J.: 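The structure under discussion is supplied below as structure tokens; questions concerning it will follow.
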Amino acid sequence: MIPWVQLDSAKTGDGAQELRLKRRGSEFSIMLGTNELMNSRLSGSEEALARLSCQKIARHRQPRVLIGGLGMGFTLRAALAELGSDAGIVVAELVPAVVAWARGPMAEVFGGCLDDPRVEVRETDVGDLIRSEPSRWDAILLDVDNGPEGIVHKGNDALYSLTGLKAARTALKPGGVLAVWSQGPDSGFTRRLKQAGFVVEEVATRANGKRGARHVIWIATNGSR
């Protein structure tokens, strides 16, 4: 059995906890304490997040997509595969070290997607971008923390509050989509999405095709205001 080797560590956005990047052969893992946040072998639900949301905006011209959380790039790569050459994607990542890992030890995992001319990476809080420009985005994809019940950065809770969801709806164009990844179901979050004015679809998915942990994706569509 090949042992895990820790390659690097970094503080979370609030400085309260530590992320650790580990490698075992060609496999990577990002850990928070004893919790594995992501693994390079398990990408199915993150890819579904991008696929389902991009299909909803397939007819939008020059779509602009905001992705909250770079992670291991699964959502970004899947979005690039779905979108045409006229698309633009902004990825907001709060922890600079995660961007450095993507360009350094995990470069093979990312497969050059950060160099795609459609991609811009901003080392900032996705919430700040959501609040800064109304009617800017065709889709907002949130793969931040572990979903509405986050464990990494308590500041992320504001994204999933009723106020945060209303801000996301304001940031979307009419017919735009807010897509949210979660490690599990959350009936309270579904209610908040509806209270914020979204038409909501809740999709169950798996971490690795038909296997692995069960995750949830919300596809929330912004109708006319």
Side-chain angles (χ1 to χ4, degrees), residues 43-94 99 102-103 110-144 147 159-160 162-182 189-190 192-203 205 215-225:
S43 60
S45 58
E46 290 87 349
E47 291 166 353
L49 174 70
R51 184 177 65 255
L52 293 169
S53 54
C54 289
Q55 287 172 354
K56 289 284 188 180
I57 62 169
R59 296 185 179 182
H60 292 213
R61 296 183 60 188
Q62 297 182 324
R64 294 296 174 261
V65 176
L66 173 62
I67 298 177
L70 177 59
M72 292 187 175
F74 302 135
T75 300
L76 173 59
R77 291 201 306 277
L80 287 170
E82 292 286 336
L83 297 170
S85 60
D86 64 339
I89 301 176
V90 173
V91 182
E93 174 52 58
L94 188 59
V99 181
R103 297 190 182 279
F110 278 78
C113 68
L114 295 182
D115 298 321
D116 190 297
R118 295 172 290 174
V119 176
E120 177 186 357
V121 178
R122 299 187 191 178
E123 295 179 4
T124 188
D125 189 328
V126 67
D128 292 341
L129 294 183
I130 288 173
R131 292 185 292 269
S132 65
E133 293 185 89
S135 299
R136 165 67 173 166
W137 308 102
D138 294 89
I140 299 172
L141 284 57
L142 296 181
D143 184 6
V144 176
L159 286 173
Y160 305 113
L162 182 57
T163 299
L165 296 176
K166 287 181 177 179
R169 187 165 179 244
T170 297
L172 288 168
K173 299 175 185 177
V177 173
L178 172 66
V180 179
W181 181 95
S182 175
F189 182 64
T190 301
R192 290 198 299 277
L193 283 168
K194 293 177 179 178
Q195 290 170 354
F198 287 104
V199 177
V200 183
E201 179 183 0
E202 188 173 331
V203 181
T205 185
H215 298 148
V216 174
I217 295 170
W218 287 271
I219 303 296
T221 305
N222 178 28
S224 58
R225 296 190 179 92

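It should be emphasised that the depicted structure is a prediction, and the values quoted were computed from it without experimental measurement.
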J.: Compare all side-chain heavy atoms of Val65 with those of Ile57 and state whether any distance is below 4.5 angstrom.
T.: yes

J.: Testing the basics here: between Leu66 and Ala92, what is the closest heavy-atom pair and its distance to 0.1 Å?
T.: CD1-CB, 4.5 Å

J.: Would Trp218 and Ser182 count as having a side-chain donor-acceptor pair, cut-off 3.5 Å?
T.: no

J.: Taking atom CD of Glu202 and atom CD1 of Ile219, what is their separation to the nearest 0.5 Å?
T.: 11.0 Å

J.: With a 4.5 Å cut-off on side-chain heavy atoms, are Val99 and Val91 touching?
T.: no

J.: What I'd like to find out is whether the side chain of Val180 reaches to under 4.5 Å of the side chain of Tyr160, using heavy atoms alone.
T.: yes

J.: Could you report the tightest heavy-atom contact between Gln62 and Asp138, atom names first, then the distance?
T.: O-OD1, 4.1 Å

J.: Just verifying a value: how many Å separate Glu47 CD and Leu52 CG, rounded to the nearest 0.5 Å?
T.: 11.5 Å

J.: Distance from Ile140 atom CD1 to Lys173 atom NZ, nearest 0.5 Å?
T.: 11.5 Å

J.: Any heavy-atom pair between the side chains of Phe74 and Leu49 that's under 4.5 Å?
T.: no

J.: For residues Leu141 and Glu46, determine if any side-chain heavy atom of one lies less than 4.5 Å from a side-chain heavy atom of the other.
T.: no

J.: Out of curiosity, Cys113 SG to Leu76 CG, how far, rounded to the nearest 0.5 Å?
T.: 4.0 Å

J.: Check whether any side-chain heavy atom of Pro63 lies under 4.5 Å from a side-chain heavy atom of Asp86, and answer yes or no.
T.: yes

J.: Of all the heavy-atom pairs spanning Arg77 and Phe110, show the shortest one and how long it is.
T.: CD-O, 3.6 Å

J.: Do Ile130 and Leu159 have side chains that approach each other closer than 4.5 Å (heavy atoms only, starting at C-beta)?
T.: yes

J.: Is the shortest side-chain heavy-atom distance between Leu178 and Leu142 below 4.5 Å?
T.: yes

J.: Can Glu133 and Arg64 be counted as an ion pair, charged N to O under 4.0 angstrom?
T.: no

J.: With rounding to the nearest 0.5 Å, note down the distance linking CG in Leu94 to CD in Glu123.
T.: 9.5 Å

J.: Out of curiosity, Asn222 CG to Ser135 OG, how far, rounded to the nearest 0.5 Å?
T.: 8.0 Å

J.: Side chain to side chain contact (heavy atoms under 4.5 Å, CB included) between Leu172 and Phe198: does it pass, once the steps are laid out?
T.: CA-CA 11 Å; Leu172 288 168; Phe198 287 104; 3.8 Å; yes

J.: Quick check: closest heavy atoms across Val177 and Ser53, and the distance to 0.1 Å?
T.: CG1-CB, 4.1 Å

J.: Where do Ala167 and Arg131 come nearest, in terms of heavy atoms and distance?
T.: CB-CG, 4.3 Å

J.: Check Leu70 against Ala102 and note the closest heavy-atom contact, atom names and distance.
T.: CD2-CB, 3.9 Å

J.: Taking Arg122 for its side chain and Leu129 for its backbone only, find out whether a donor-acceptor pair lies under 3.5 Å.
T.: no

J.: Trp137 and Val90: side chain to side chain contact (heavy atoms under 4.5 Å, CB included), yes or no, with the steps?
T.: CA-CA 10 Å; Trp137 308 102; Val90 173; 3.8 Å; yes

